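Note that the numbering runs from 1 along the sequence shown for the chain. Just so you know, ligand 1 is whichever comes first in the structure, and atom 1 is the first atom listed for that ligand. Excluded from the calculations below are hydrogen atoms, water molecules and symmetry mates; all remaining heavy atoms, backbone and side chain alike, are included. All of these numbers come straight from a predicted model, not from anything done at the bench.
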Amino acid sequence: MRPIELVGRSGAALRRAFQAQQLRRVAVSTRPYSSASPNGTLPPTYEKLYSKYSEVRRVLGAQRLTLAEKILYSHLDNVEESLLSNTNNGKDIRGKANLKLRPDRVNMQDASAQMALLQFISCNVPRTAIPASIHCDHLIIGERGAEEDLAAGINTNQEVFDFLESSAKRYGIDFWPPGAGIIHQTVLENYALPGMMMLGTDSHSPNAGGLCTITIGVGGADAVEALVGAPWELKAPKILGVRLTGQLNDWVSPKDLILHLAGLLTVRGGTGYIVEYFGPGVETLSLTGMATVCNMGAEIGATTSIFPFTEASARYLKATRREQAAKDAALFQTWPGAGAAEDAYFRFKADEGAQYDELIEIDLSKLEPHLNGPFTPDLAIPLSKFKETVQKEGWPEKLSAGLIGSCTNSSYEDMTKVESIVRAAHEAGLKPKADFYITPGSEQIRSTLERDGTLETFNKAGGILLSNACGPCIGQWKRHDGIEKGTPNAILTSYNRNFRGRNDGNPATLNFLASPEIVTAMAYAGSTTFNPITDTITTPDGKEFRFPSPRGKEGPETPFSQGRETFRVASNPPDPSVPVAISPSSERLALLEPFDPFPAGDLTGLRVLVKVSGKCTTDTISAAGPWLKYKGHLPNISANTLNTAVNAETGEVNAAYDHPLDGRKYTIPELARLWKERGQAWLVVAEHNYGEGSAREHAALQPRYLGARVIVCKSFARIHETNLKKQGVVPLTFEEPDRDYERIGAGDIVDTIGLYEMLQNGGKGDVKLRVTKHKTGEVFEIPVKHQVSEDQAKFILAGSALNLLAKNAALN
Ligand code: MIC
Ligand code: SF4
């Protein structure tokens, strides 16, 4: 049903808006938009965008806007209210305004879609208010190769796929079956369009920013808001400008740009920001290269990332058989016709003179290849320093496996670059010494690479082609190389994440992130100390082989092959006669029970379940791998809650003590369940960037289900903080992080002061925690901060966003 379609239609509404506008407070107010008749008509999506944009200009006048602001503000539900409330009359929007947005569509992957749909179903509405799609990608294992793995994946997950497909049919959602591809690749190829705004229930959704689309990773509850037609709220992000100059050298790829940036900014550096790229260097990048950079904006915590629309973007639209979209984008940028004031045009780039809150300049010609890791994506090590770092740190020198592809790096350009070096190595008689896996991002990519002979080259090299799915990237990797759990070993991947235990469930596996060509060349050497630019490999006939510089093609010479016929945009109207398939005895799917509303008063007698130290990502709070199978069953998946968290007081992993009772030791989820049974509400104390990583709302749902009411930490990751509020858990941060984190510990009793009042006042007011030490009885207060908006206060009071949405949907 209803994808964002670019079909011609009269521009009547647009013209009406266009004629009606009156510029306020603006230099250009003396130069109203041209009334010259526009050449051609706009497709409806651009018509809508233009009409909103005209409102933005009416409200903000000649204020210089960045590209991200133009697109974002042109998706506001109520432009004037959002931009002028609490913003010093529109002068301080960023970081202050609460934007109520109307995204154009929602994309969901199979792991997160289950919970999103279960919540959507609770709202009892007949169809989605905006177009949406479901992509079956996360549940497919990577083990023996594409065909076998796909068949096995379908078999083991049939029940879940049936649920997703039946829900898609019932509510009119596009359904992409297993094998069709990874969400972000499929979205880039089919749905992303310059100027549009999408939500995706996955943190790497900003991938589509490579094609000038504002796409924000969210939890399922946020997606449901948009799906039922409620405006979606976001604190106006600040804008971090990255000005690119120069051009990438041989062996350096767009991946290295984001790996380098991650090193500069760290995993928290982008929090609260949209990263906007601009400058002459942008024109030198391929579209898919820009998508890689935006994809990994998640690794620096950015709200999203975006590039301007360039000639490469237009070429990509054509290669993916969307020539009309390229023409529409060009037409839109010349709208409303000759003679209009410059600000009347919506150009897919920042206004001349637009200001950024922060600015970073990067000369692409000075970049080096990077390898980031282990265990965190921001530990950036330039290739030239990698050997000495490996030796200094005592990391394994043997490389066990090289894995390329995934949603981040499986473009035609990436794969043909790799092909060029694989061919050269093959001609020299070499084979990769490490296991070499390839994950295409979509069927379109896979079948095009097959058609153009690239896969044959990989096959001859002994590469193992995995299915078009997440596989090893999400922990669905069954290794057969004899490496036991606990054995230190090094792998290189062209993926985006490398948290401990992420890929194979082995906490001793060191994953370094690099470009596909660096991963491949080092896989041939089977060594982490090999530098493909300077070093050689001895061939079977005793010669010294040096890799040539990788050479790829930006896109195929003829448009992409579409592959299997069933893998296409299939938009059907909703069919209410289709029942949603959930068996009442299922271990994998369970309808949701609503959470209790917030009590009428402050929270009293909460107890600290565990005080966590160090990194606590969403993988730590709700692990993936084998647990993925319970994504649709909240009680079952809750048994993994915080099961890799480090207890700050004992240094143990997954240990919690039943204070003040007998102090008996349990696993964290066991104790949480015990406290749930006892009716003991609890809180967690943690350090910085709590909930870093993914959009996984299970990391909020599970603690809530088990009885968490508050998380108090030094700082939060954006998506997770919102997810907590949506599920009725109150996220608080220490006003004095270093002092107060030390003062509170497991078993301590906590009462909130001012929380209820703050919630009732729509997020206004101060909150404190009264702590009673369980060992000494000492009592003291800790000042805390919160970021609760008016709407979020309502969610928390209702018990969850879903409770409120379901109530509102019932009233409508
Ligand atoms: C990831 O890359 O971590 C995931 C798995 O795609 C997650 C989504 C999830 O946990 O469901 C993400 O990035 O949001
Ligand atoms: Fe899938 Fe990995 Fe991409 Fe997440 S990052 S969508 S798990 S391929």
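- No hydrogens or angles considered: a donor-acceptor pair under 3.5 Å links the side chains of Thr454 and Glu419.
- Taking 4.0 Å as the cut-off, Arg497 does not count as a neighbour of ligand 2 on heavy-atom distance.
- To the nearest 0.5 Å, atom CZ of residue Arg502 and atom OG1 of residue Thr509 are 13.5 Å apart.
- Note that NZ of Lys629 is 11.0 Å distant from CG of Leu139, once rounded to the nearest 0.5 Å.
- Here Ile474 has side-chain heavy atoms under 4.0 Å from ligand 1, and that is the only part of it that gets that close.
- In terms of protein heavy atoms, atom 8 (C) of ligand 1 is closest to Gln109 NE2, 3.1 Å.
- Taking atom 2 (Fe) of ligand 2 as the reference point, the nearest protein heavy-atom neighbour is Cys473 SG, 2.3 Å.
- Neither side chain, His633 nor Glu587, offers a donor N or O lying under 3.5 Å from an acceptor on the other.
- Checked by atom type, the side-chain pair Asp162/Gln158 shows a donor-acceptor distance below 3.5 Å.
- When each of Thr186, Asn107, Asp174 is tested with Tyr191 by the rule side-chain hydrogen bond (donor to acceptor under 3.5 Å, both in side chains), just one qualifies, namely Asp174.
- The pair Glu443-Arg446 meets the salt-bridge criterion, with a side-chain N (NZ, NE, NH1 or NH2) lying under 4.0 Å from an Asp/Glu carboxylate O.
- Here Gln109 has no heavy atoms under 4.0 Å from ligand 2, in either its backbone or its side chain.
- In this structure, Arg502 has a heavy atom closer than 4.0 Å to ligand 2.
- Atom 1 (Fe) of ligand 2 has Cys470 among its coordinating residues (N/O/S atom, backbone or side chain, under 2.8 Å).
- With ligand atoms numbered from 1 in the order given, ligand 1 contributes 2 (O), 13 (O) to contacts under 4.0 Å with heavy atoms of His204.
- When only non-hydrogen protein atoms are considered, atom 10 (O) of ligand 1 lies nearest to Arg696 NE, 2.4 Å.
- A salt bridge is defined here as a Lys NZ or Arg NE, NH1 or NH2 lying under 4.0 Å from an Asp or Glu carboxylate O, and Arg500 with Asp619 fails to meet this definition.
- Aromatic ring orientation, His135 versus Trp176: parallel (interplanar angle below 30°, classes split at 30° and 60°).
- At the top of the distance list for atom 12 (C) of ligand 1, counting protein heavy atoms only, stands Ser694 CB, 3.0 Å.
- When each atom of ligand 1 is checked for a heavy atom of Ala695 under 4.0 Å away, the hits are 12 (C), 14 (O).
- For atom 5 (S) of ligand 2, the nearest non-hydrogen atom from the set Thr439, Ile183, Asn496 belongs to Asn496.
- Protein heavy atom nearest atom 4 (Fe) of ligand 2, with residue, atom name and distance: His138 NE2, 3.8 Å.
- With respect to atom 13 (O) of ligand 1, the closest heavy atom belonging to the protein is Ser203 OG, 2.6 Å.
- Nearest non-hydrogen protein atom to atom 3 (Fe) of ligand 2 is Cys407 SG, 2.3 Å.
- Those atoms of ligand 2 that come under 4.0 Å of a heavy atom in Ile474, given as number and element, are 7 (S).
- Under 3.5 Å, the side chains of Asn489 and Arg479 contain a donor-acceptor pair of N or O atoms.
- A side-chain donor from one of Thr493 and Asn511 sits under 3.5 Å from a side-chain acceptor of the other.
- Residue contacts with ligand 1, taken as heavy atom pairs separated by less than 4.0 Å, involve Arg497 solely via side-chain atoms from C-beta onward.
- In the vicinity of His184, heavy-atom distances shorter than 4.0 Å reach the ligand 2 atoms 6 (S).
- Atom 2 (O) of ligand 1 has its closest protein heavy atom at Arg502 NH2, 2.8 Å.
- Numbered from 1 in the order shown, with element, the atoms of ligand 1 that lie under 4.0 Å from a heavy atom of His138 read 4 (C), 5 (C), 6 (O).
- Between the CD1 atom of Ile381 and the NE2 atom of His370 there is a distance of 9.0 Å, given to the nearest 0.5 Å.
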